Amino acid sequence: MSERDLMDSLPPVAANGLLDRRLFMKSIAAGGVGALTVPVLADPVGKDQPSWLLAPGQGAQGYGTPSRHEQLVRWIKPQWPLGATIQGLAFTPHQGLTGTYTPSGLHFEVNHHGIPDIDPNLHSLVIHGMVDRPLKFTVESLDYYPTLTRSHFLECSGNSGALWADEPIDALLDQTHGLLSGSEWTGVSLATLLDEAGVQAEGKWIIAEGADSGSLSRSIPMEKAMDDSFIALYQNGERLRPGQGYPMRLFNPGFEGNTSVKWLRSLRVTDRPAMTKFETANYTDLMPDGKALQFSLKLEVKSVITRPSNATVLPKKNAVYEVTGLAWSGSGRIRKVEVSADGGATWAEAELQGPVLPIMLTRFRLPWRWDGSPAILQSRATDETGRLQPTRTQLLDARGKHGHYHYHAIHSWSVDENGGIAHVYA
Ligand SMILES: Nc1nc2c(c(=O)[nH]1)N[C@H]1C(S)=C(S)[C@@H](COP(=O)(O)O)O[C@H]1N2
Ligand SMILES: [Mo]
């Protein structure tokens, strides 16, 4: 089938060149519809052999590292105001990644008081307060409990905070969406440990405290703690990295990242929240009426196109590109992601990469034929509870213009006639 016939067999599903999500499956049989032309070779083997074919290569490393030709690094110097007050930020470079699991070395980090250098043999976790039996767990003792493994995203509620600004920032995706990563976490259910300690009837909250110098503390509702919270000990199969909370952290699936207290040393059961610095001075949401929302813990439904992005230029007109990105929700699974190439006037449903897991990054893909004229690419996600990602206007109408956290509006990339891409508000 020629490329033309292929296009005709699967006509556009939305304006400005969005094509049926099954196109890529058909195009494998048809010989490809990629945007870069690959030459047909007269002599497929050739005479000149590259140097690496002529002599044995180097030995294996004790701990593997990426190819020296791959320079993908986390961005650690924020270009927007919030970060200026936090020393230990690192942003995941989603513009250069694919899949849904973030390599551990590229996981984002927010360290409000730096990374403590903890000796696991000297670290412990105490559960105390309104419990029948106060308990102390060493790292080793937790290894004897039944473990669970969950794939979850972690997102700082300050992720995309730069997009509250009046003008769209000219920065790569790490700066706007890089306080978000996805991992496989292994650890021990918090309910198991709380049951062993015996939570008393008045115990409605848990104050979780970290072993960093500023003792970051957050109040967690007992309902959440008994539902799906866990103590994470491993990440992507290996022990937690120091930046992720080594040797143990609290993990509250779908809640704002700040509540997943790293370097966890204490869980105190109480009858009320502690009103710590991080739930009063920080991580509250200023509303249009001047009042602030507290304990807005659950993360919203959100998505972003990671390729194409402003990290690249579209190399060729009248070619088919894969539009791909990530969608996630603090409330469960992603049900649907739609893509628009005309600034939100028409939408087409994207292919979701399975398995679609609850409270985990979900990758979407859709073929798009760019005819060379200006376009605005957007994605919007719907989760299994029916929550739909709002437009920027809807978000500002609801939350006002002085937000700092929980920005989750539809994100827009403009494409100009030269294939240049920019972050815009549409
Ligand atoms: N003890 C402690 N826990 C902490 C923090 C911290 O600075 N100290 N940062 C919090 C914030 S603001 C976020 S968003 C997440 C980030 O987790 P990560 O650094 O593993 O990505 O950890 C949270 N837990
Ligand atoms: Mo955060």
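Bear in mind the structure is a predicted one, so any value in this text is a computation, not a measurement.
Contact check on R241 versus E109 returns no salt bridge, with no Lys/Arg side-chain nitrogen under 4.0 Å from an Asp/Glu carboxylate oxygen. No salt bridge links K317 with E417; every basic N to acidic carboxylate O contact stays at or beyond 4.0 Å. The pair D20-R22 meets the salt-bridge criterion, with a side-chain N (NZ, NE, NH1 or NH2) lying under 4.0 Å from an Asp/Glu carboxylate O. Under the 4.0 Å criterion applied to side-chain N and carboxylate O atoms, E209 and R265 are assigned as salt-bridge partners. Checked for salt-bridge contact, R239 and D143 meet the test: a charged N lies under 4.0 Å from a carboxylate O. Salt bridge absent: R387 and E384 never bring a charged side-chain N and a carboxylate O closer than 4.0 Å. In this structure, K336 does not pair ionically with D383, as no charged nitrogen and carboxylate oxygen lie closer than 4.0 Å. Checked for salt-bridge contact, R272 and E279 miss the test: no charged N lies under 4.0 Å from a carboxylate O. Ion pairing between R365 and E322 holds under the 4.0 Å rule for side-chain N and carboxylate O.
Counting only distance, with no hydrogens or angles, the side chain of R74 and the backbone of H107 share a donor-acceptor pair below 3.5 Å. Remark: side-chain polar atoms of S183 are not paired, donor with acceptor, to backbone N or O of W185 under 3.5 angstrom.
The ring-ring contact (aromatic ring centres under 6.0 Å, His included) test with F251 singles out one residue from Y234, F153, F230, and that residue is F230.
Rounding to the nearest 0.5 Å places OG of S219 at 15.5 Å from NZ of K204. Here the NE2-CH2 distance, from H406 to W164, works out to 9.5 Å after rounding to the nearest 0.5 Å.
Under a cutoff of 6.0 Å and an axis angle of 45°, R307 and W413 do not form a cation-pi pair. A cation-pi contact, defined as under 6.0 Å to the ring centre and within 45° of the axis, links K224 to F255. The cationic atom of R380 (NZ for Lys, CZ for Arg) lies less than 6.0 Å from the six-membered ring centre of W347 and within 45° of the ring axis.
The distance between the ring centers of F278 and H112 falls below 6.0 angstrom. The ring of F91 has its center no closer than 6.0 angstrom to the ring center of W75.
Checked by atom type, the side-chain pair T147/T186 shows no donor-acceptor distance below 3.5 Å.
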(Q) Pair E256, R218 - check salt bridge (Lys or Arg N to Asp or Glu O under 4.0 Å), show working. (A) CA-CA 11 Å; E256 62 182 12; R218 285 296 304 253; 3.0 Å; yes
